[in-house]
Amino acid sequence: MHMNVAPHLLTEDRAEYERVLDDALSTAHARPDLAGAGTRLTLAQLRSLTLNATTLVTSAAASEYDHFVKVREQNRAALGTRAPASPDRSGPGPGPGVVAIFTVMVPVLAGAAAVIFLLVGAVLHALAPTAVFGATLLTAGLVFGAVAAAGLLGAAAGLLVTALRNSPAEVSAGGPPAAAPDDELSLAREAWRRALLERGILPFLRDVLAATGPPTGPPGP
């Protein structure tokens with residue numbers, strides 16, 4: 001049997017329309033206003049009639065459907081134009097691994113050199129207080145100690161910057177966060193489904209069942 005498709009109902013949304021219809025028919029026995037479903041007309045007959053009247057049924061929720069399609073197209077356009085940023089590695093220069101190794105090794109080597117120079121200088125100074133070489137080693141130990149301390153501070157600052165850069169963005173003050181595109185799309189889809197069910201499918205099924213119901217007037221003499 002040929003089934004009409006509403007001009008404004010896109011082919012990709014046909015399955016969603018049928019799912020809403022099937023959900024309504026599956027719960028028809030629990031709806032007093034659809035009491036004739038399954039007796040006056042079978043569920044298969046009601047489904048076929050509703051699918052053939054797709055244009056009429058979906059027009060009752062046209063505004064919600066237009067909004068849903070608009071949000072979906074905006075979401076797709078945003079996803080299509082969003083390109084992942086990739087660092088340019090074509091130019092020369094040390095990579096992040098070399099920088100990390102250098103940052104770690106500088107305070108370690110400088111600290112080790114400071115300990116050695118301070119120990120040797122202290123021993124020489126104790127053995128020969130007037131020796132210039134001992135004082136020089138002590139001075140060199142202090143210099144390397146300062147370099148090690150500066151390296152540790154630089155490494156700590158680098159870790160702090162990295163942690164702040166990788167932390168999630170905080171919600172800006174002045175109001176609640178805006179809905180994500182996926183959330184907005186889900187809300188628009190749900191609004192269309194609800195309007196389609198309440199203003200389109202259910203009224204159509206009630207009208208069909210009422211039109212096929214037995215006469216309610218008193219019997220003739």
Open item on the list: Set out, in order, the CA-CA distance, both residues' side-chain angles and the distance that settles salt bridge (Lys or Arg N to Asp or Glu O under 4.0 Å) for Glu64 and Arg194, then state yes or no.
Closed with: CA-CA 9 Å; Glu64 288 80 3; Arg194 184 168 56 252; over 6 Å; no
Open item on the list: As a quick check of understanding, evaluate salt bridge (Lys or Arg N to Asp or Glu O under 4.0 Å) for Glu198 and Arg193, giving each step before the final call.
Closed with: CA-CA 9 Å; Glu198 296 176 356; Arg193 285 173 54 92; over 6 Å; no
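Looking only at side-chain heavy atoms (C-beta outward), Thr58 and Tyr65 stay at 4.5 Å or farther from each other.
Here the side chain of Thr27 pairs no donor or acceptor atom with the backbone of Ala30 at under 3.5 angstrom. With hydrogens and angles ignored, the 3.5 Å screen pairs no side-chain donor or acceptor of Ser48 with any backbone N or O of Gln45. Judged by distance alone, with hydrogens and angles left aside, the side-chain atoms of Glu16 form no donor-acceptor pair with the main-chain N or O of Asp13 at under 3.5 Å. Judged by distance alone, with hydrogens and angles left aside, the side-chain atoms of Arg40 form no donor-acceptor pair with the main-chain N or O of Thr212 at under 3.5 Å. Under a 3.5 Å cut-off, the side chain of Thr42 and the backbone N or O of Gly38 do not form any donor-acceptor pair.
Considering CZ of Arg31 and CG of Leu209, their distance stands at 12.5 Å, rounded to 0.5 Å. In this structure, Leu185 CG and Arg76 CZ are separated by 8.5 Å, a value rounded to the nearest 0.5 Å. Considering OG1 of Thr54 and OH of Tyr17, their distance stands at 4.0 Å, rounded to 0.5 Å. How far OG1 of Thr50 is from CG of Leu21: 5.0 Å, rounded to the nearest 0.5 Å.
Under the ring pair (Phe, Tyr, Trp, His ring centres under 6.0 Å) criterion, Phe68 pairs with Trp192, sequence neighbours left out.
With respect to the salt-bridge test (charged N to carboxylate O, under 4.0 angstrom), the residues Glu73 and Lys70 do not qualify. Between Arg72 and Glu12, at least one side-chain N (NZ, or NE/NH1/NH2) sits under 4.0 Å from a carboxylate O, which counts as a salt bridge. At a threshold of 4.0 Å, the pair Arg47-Glu18 counts as salt-bridged, since one of the basic side-chain nitrogens sits closer than that to a carboxylate oxygen.
Here the shortest heavy-atom pairing between Arg199 and Ser63 reads NH2-OG, 4.3 Å.
When each of Val57, Leu25, Leu49 is tested with Leu205 by the rule side chain to side chain contact (heavy atoms under 4.5 Å, CB included), just one qualifies, namely Leu25.
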